[in-house]
Amino acid sequence: MAATPGTSRSLGAQIALMLVIIVFCVFPFYWMVTTSLKTQVLALESPPVWLFQPTVSNYLTVLFDDGVLRTLVNSLIVAVSTTALAIMLGLPAAYALARFEFRGKKDLWFWFITNRMISPIVLALPFFLIVRNLGMLDKHITLILIYLTFNLPIVIWICTDQFRSIPYELDEAASLEGASQWRIFRSICLPLAMPGVAVSGIFSFIFSWNELMFALVLTRTNAKTAPAMAVSFMEGYNLPYGKIMATSTLIVIPVLIFALIASKHLVRGLTMGAVK
Amino acid sequence: MAVKTPRGTIFGFLAPAVITLAVVGIVPLLYAFYTSLHFFNLTKLKNVRFIWFENYASVLTDPVFWEAMGRTFAMLLIALPLQIAIGLGIALILHAPGLGFLRLLTRLSLVLPMATTYAVVGLLGQVMFNLKFGVVNQLIGFLGIAPVNWIGDPFNAFAMIIFWDVWQWTPFVALVLLAGLTTVPSEVEEAAHLETKSWWTVLRHVQLPFLMPGLVAVLILRTADTLKLFDMVFTLTRGGPGSSTELISLMIQRVGFRAFDQGVASAQAIILLIITIILAQFYIKAFYKEV
């Protein structure tokens, strides 16, 4: 493109705007991490201080004295198990939606999508009563199963899309060779669908790891997850800001890493394949 | 698809997911409906009794319920236009050519807010918007603005939750719209730029049609997510001060788990569910592609 008089000025504006966007997005994280490195006295300094001697004491206290380590382990157990389960149950269904024609397919699809819209509070009320009657409050397996209500649809959505992108001729060729439908799925399509499986797994992990309401309602101590733990610091007056931010940092860092890994697919996942 | 697949095979593939989702997703809803037809208070479990649709009658005539619903849609109607306007601006900036590395960096930083745990956003809000030790009041102080009581004032608290919703979800809108901009054929866009210098004309007449699918998706998902919004507001304000930030999900949670009235809360939840399904039907029919 030919250089026009306005170009260098608009380039400068473009750079400035991008820097503004970056600062806007990143500043809260900067503040979270720096606050987590302050002592309680420093954190309650008014106006807030920007330069100080950092300390990791908040991290040590929350991890080893306040039991945040255990809640992080709980979060990990729940998120990994529910993700594995969602993938195992969801993949065959996604394959069926991508490859087979059958009556009621439209309704099934609609039902799956509707699950994305339903407010978790609608499920949290009956879950609480059912789980309490079954004596399953405060158990990992309860959260693992309940998180399937949002993980299973997401795996099915993303993987249906992925299976559809695999050429149907491969299935036909294998079918002529006499392979069963299950073998075609297992040995031919599944290996080719691995990118979709990975992306849906990352999504399922992020959503489960981030979930608060079900964890708040259905766990007490044993299976308490890290977000529920962070919230329990919020009781009383003199809030331990440093500790709260240290816990928050520990919660957020794994998801941010996963999100950056999957950043190319984030839009596709969050819009349930509505936007490529 | 030429070959007809045996029904048994189809069933075998679908059954595990469908049965599981029915057990965890539909059985509880039926139970919620059952609860909603009862007087069901967790502190008076001896008195549980069937009362037909009394809970529904009291919810439908309860101004507090409709205020919470109105507040939720008010939040959507304020936050969404902001997210679309700022998001479109960001998308256009990122769509302009050049500055490869800085552009990559901007895109990556956009990913961060939307992956952040909602609960952590609320906690961050508590820390950053605190009246005395909050950095936000310090920053606006540099501009000569007196400290604002964000969390303690009904109006400001509502503005604050909108701020965080905009912070967290504008990047999402920006990336969706950016994806839309990249679908505009480059010859068409270049030709348009030769015709006119006005970016608005290009946007309105050339790019907008390509942005429509993304905009519809944003509209659907932001509506659903605002009706679902709980974690961030709960950790930030608990619905207060008063009930100024009590969105519909927070209200149902308060009635069910802090006032222990599961019967009324279930009726509210079922009504919310019906509203959600009507909206979803309407939206999905209008947009989502089918299998």
Side-chain angles (χ1 to χ4, degrees), chain A residues 14 17-18 21-22 25-26 28 31-32 35 44 46-48 89-90 92-93 95-97 100-102 105-106 109 113-115 117-119 121-123 125-127 130 145-146 148-149 152 181 206 210 212-213 227 230-231 241 244 248 251-252 255-256 259-260 263 266-267 270-271 274-275, chain B residues 1 5 9-10 13-14 16-17 20-21 24-25 28 31-32 90 93 96 102 105-106 108-113 115-120 123-124 127-128 132-133 135 138 172 175-176 179 214 217 221 224 227-228 230-231 235 249 252-253 256 262 265-266 269 272-273 276 280 284 288 290-291:
Chain A
Q14 204 189 346
L17 287 168
M18 284 201 224
I21 298 167
I22 294 174
C25 290
V26 174
W31 201 254
M32 172 176 76
T35 308
L44 297 185
S46 175
L89 295 168
Y95 181 77
L97 283 173
F100 306 150
E101 283 307 324
F102 53 90
K105 191 163 152 180
K106 246 169 110 169
W109 186 246
I113 291 181
T114 311
N115 269 288
M117 313 276 166
I118 294 176
S119 172
I121 188 65
V122 176
L123 292 170
L125 295 162
F127 268 137
I130 294 171
L145 290 176
I146 284 166
L148 288 177
T149 53
L152 205 46
Q181 202 52 256
I206 292 179
N210 279 350
L212 172 70
M213 186 202 278
V231 173
Y241 286 111
I244 292 171
S248 299
I251 294 170
V252 159
V255 269
L256 293 191
L260 288 175
S263 65
L266 212 63
V267 166
L270 286 170
T271 55
V275 173
Chain B
M1 316 259 150
T5 324
T9 315
I10 297 176
F13 274 91
L14 284 172
T20 310
L21 206 54
V24 295
Y31 193 72
I90 295 175
I93 292 167
L102 189 61
L105 214 59
T106 314
L108 285 179
S109 62
L110 285 174
V111 167
L112 299 177
T116 309
T117 315
Y118 295 84
V120 167
L123 298 172
L124 258 168
V127 172
M128 292 176 65
K132 263 170 71 194
F133 349 103
V135 67
Q138 183 183 28
F172 167 68
L175 291 177
V176 168
L221 295 166
L227 286 173
K228 287 161 78 171
F230 174 85
D231 297 5
T235 48
S249 299
I252 300 177
Q253 192 266 357
Q262 290 278 326
S266 298
L272 174 62
L273 179 70
T276 312
I284 292 170
Y288 262 94
E290 281 148 16
V291 182

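Just so it is clear: chains get the letters A, B, ... in the order the sequence lines come, proteins before strands, and each one is counted from 1.
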Undergrad: Do A:Ile22 and B:Leu102 have side chains that approach each other closer than 4.5 Å (heavy atoms only, starting at C-beta)?
TA: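 Of all side-chain heavy-atom pairs linking B:Leu102 with A:Ile22, at least one is under 4.5 Å.
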Undergrad: Side chain, backbone, both or neither: which part of B:Thr106 has a non-hydrogen atom closer than 4.5 Å to chain A?
TA: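 Both parts, backbone and side chain.
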Undergrad: With a 4.5 angstrom heavy-atom cut-off, is it the side chain or the backbone of B:Gln262 that approaches chain A, or both, or neither?
TA: side chain
Undergrad: Using the ring pair (Phe, Tyr, Trp, His ring centres under 6.0 Å) criterion, which residues pair with A:Tyr95? Sequence neighbours excluded.
TA: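 Listed in chain order: A:Phe100, A:Phe163, A:Phe185, B:Phe13.
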Undergrad: When you look at A:Leu256 and B:Val111, which way does the side-chain contact (heavy atoms from CB on, under 4.5 Å) test go after all the steps?
TA: CA-CA 8 Å; A:Leu256 293 191; B:Val111 167; over 6 Å; no
Undergrad: Please round to the nearest 0.5 Å and tell me the distance separating atom CG of B:Leu14 and atom CG of A:Leu89.
TA: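 Interatomic distance, B:Leu14 CG to A:Leu89 CG, rounded to 0.5 Å: 12.0 Å.
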Undergrad: What do the steps show when you test B:Ser249 against A:Ile121 for side-chain contact (heavy atoms from CB on, under 4.5 Å), and what is the final call?
TA: CA-CA 6 Å; B:Ser249 299; A:Ile121 188 65; 4.1 Å; yes
Undergrad: Between chain A and each of B:Ala119, B:Pro113, B:Gly256, count heavy-atom pairs under 4.5 Å; write down the option with the most.
TA: B:Pro113
Undergrad: Where is the tightest heavy-atom contact between A:Pro48 and B:Phe133, given as atom of each residue plus distance?
TA: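 In this case the closest contact between A:Pro48 and B:Phe133 is CG-O, 3.2 Å.
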Undergrad: With a 4.5 Å limit on heavy-atom distance, are the side chains of A:Leu17 and B:Ile90 in contact?
TA: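 A side-chain contact is absent here, since even the closest heavy-atom pair is not under 4.5 Å.
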Undergrad: Can you say whether B:Leu272 sits under 4.5 Å from chain A via the side chain, the backbone, both, or neither, judging by heavy atoms?
TA: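 Contact with chain A involves the side chain of B:Leu272 alone.
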Undergrad: Between B:Leu21, B:Leu227, B:Thr276, who has the most heavy-atom pairs with chain A when the cutoff is under 4.5 Å?
TA: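 Of the candidates given, the most pairs with chain A belong to B:Leu21.
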Undergrad: Measuring heavy-atom distances to chain B, does A:Leu152 have an atom under 4.5 Å in its side chain, in its backbone, in both, or in neither?
TA: side chain
Undergrad: What's the shortest heavy-atom distance between B:Val120 and A:Ser248, and which atoms?
TA: CG1-CB, 3.7 Å
Undergrad: Locate the shortest heavy-atom distance separating A:Gln14 from B:Ala96; write the atom from each residue and the value.
TA: NE2-CB, 3.5 Å
Undergrad: Starting at CG of B:Leu105, measure out to CD1 of A:Ile21 and round the result to the nearest 0.5 Å.
TA: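 Result: 11.5 Å between the selected atoms.
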Undergrad: Between B:Thr117 and A:Pro227, which heavy-atom pair has the shortest distance, and what is it?
TA: CG2-CG, 4.3 Å
Undergrad: So which part of A:Val26 gets closer than 4.5 Å to some heavy atom of chain B, the side chain, the backbone, both or neither?
TA: side chain
Undergrad: Could you tell me if the side chain of A:Trp31 sits less than 4.5 Å from the side chain of B:Val127, heavy atoms only?
TA: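 Yes, side chains in contact.
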Undergrad: Are any non-hydrogen side-chain atoms of B:Leu108 and A:Ser263 less than 4.5 angstrom apart?
TA: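 Side chain of B:Leu108 against side chain of A:Ser263, heavy atoms only: contact under 4.5 Å found.
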Undergrad: To the nearest 0.5 Å, tell me how far B:Tyr118 OH sits from A:Leu212 CG.
TA: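 Reported value, rounded in 0.5 Å steps: 11.5 Å.
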Undergrad: Shorter than 4.5 Å, heavy atoms on both sides: which option in A:Pro92, A:Ala96, A:Ala93, A:Ala259 has the most such pairs with chain B?
TA: A:Pro92
Undergrad: Need one label for A:Thr149: side chain, backbone, both or neither, based on atoms under 4.5 Å from any heavy atom in chain B.
TA: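 Both parts, backbone and side chain.
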Undergrad: When heavy-atom pairs shorter than 4.5 Å are enumerated against chain A, which of B:Ala224, B:Ala17, B:Pro16 gives the highest number?
TA: B:Ala17
Undergrad: Taking B:Thr20, B:Leu123, B:Leu273 one by one, which has the highest count of heavy-atom pairs under 4.5 Å against chain A?
TA: B:Leu123
Undergrad: Looking at B:Val135, B:Leu110, B:Thr116, which one has more heavy-atom pairs under 4.5 Å with chain A than the rest?
TA: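 It is B:Val135.
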Undergrad: I need the residue from A:Ile130, A:Leu123, A:Ile146, A:Leu44 with the largest number of non-hydrogen atom pairs under 4.5 Å to chain B.
TA: A:Leu44
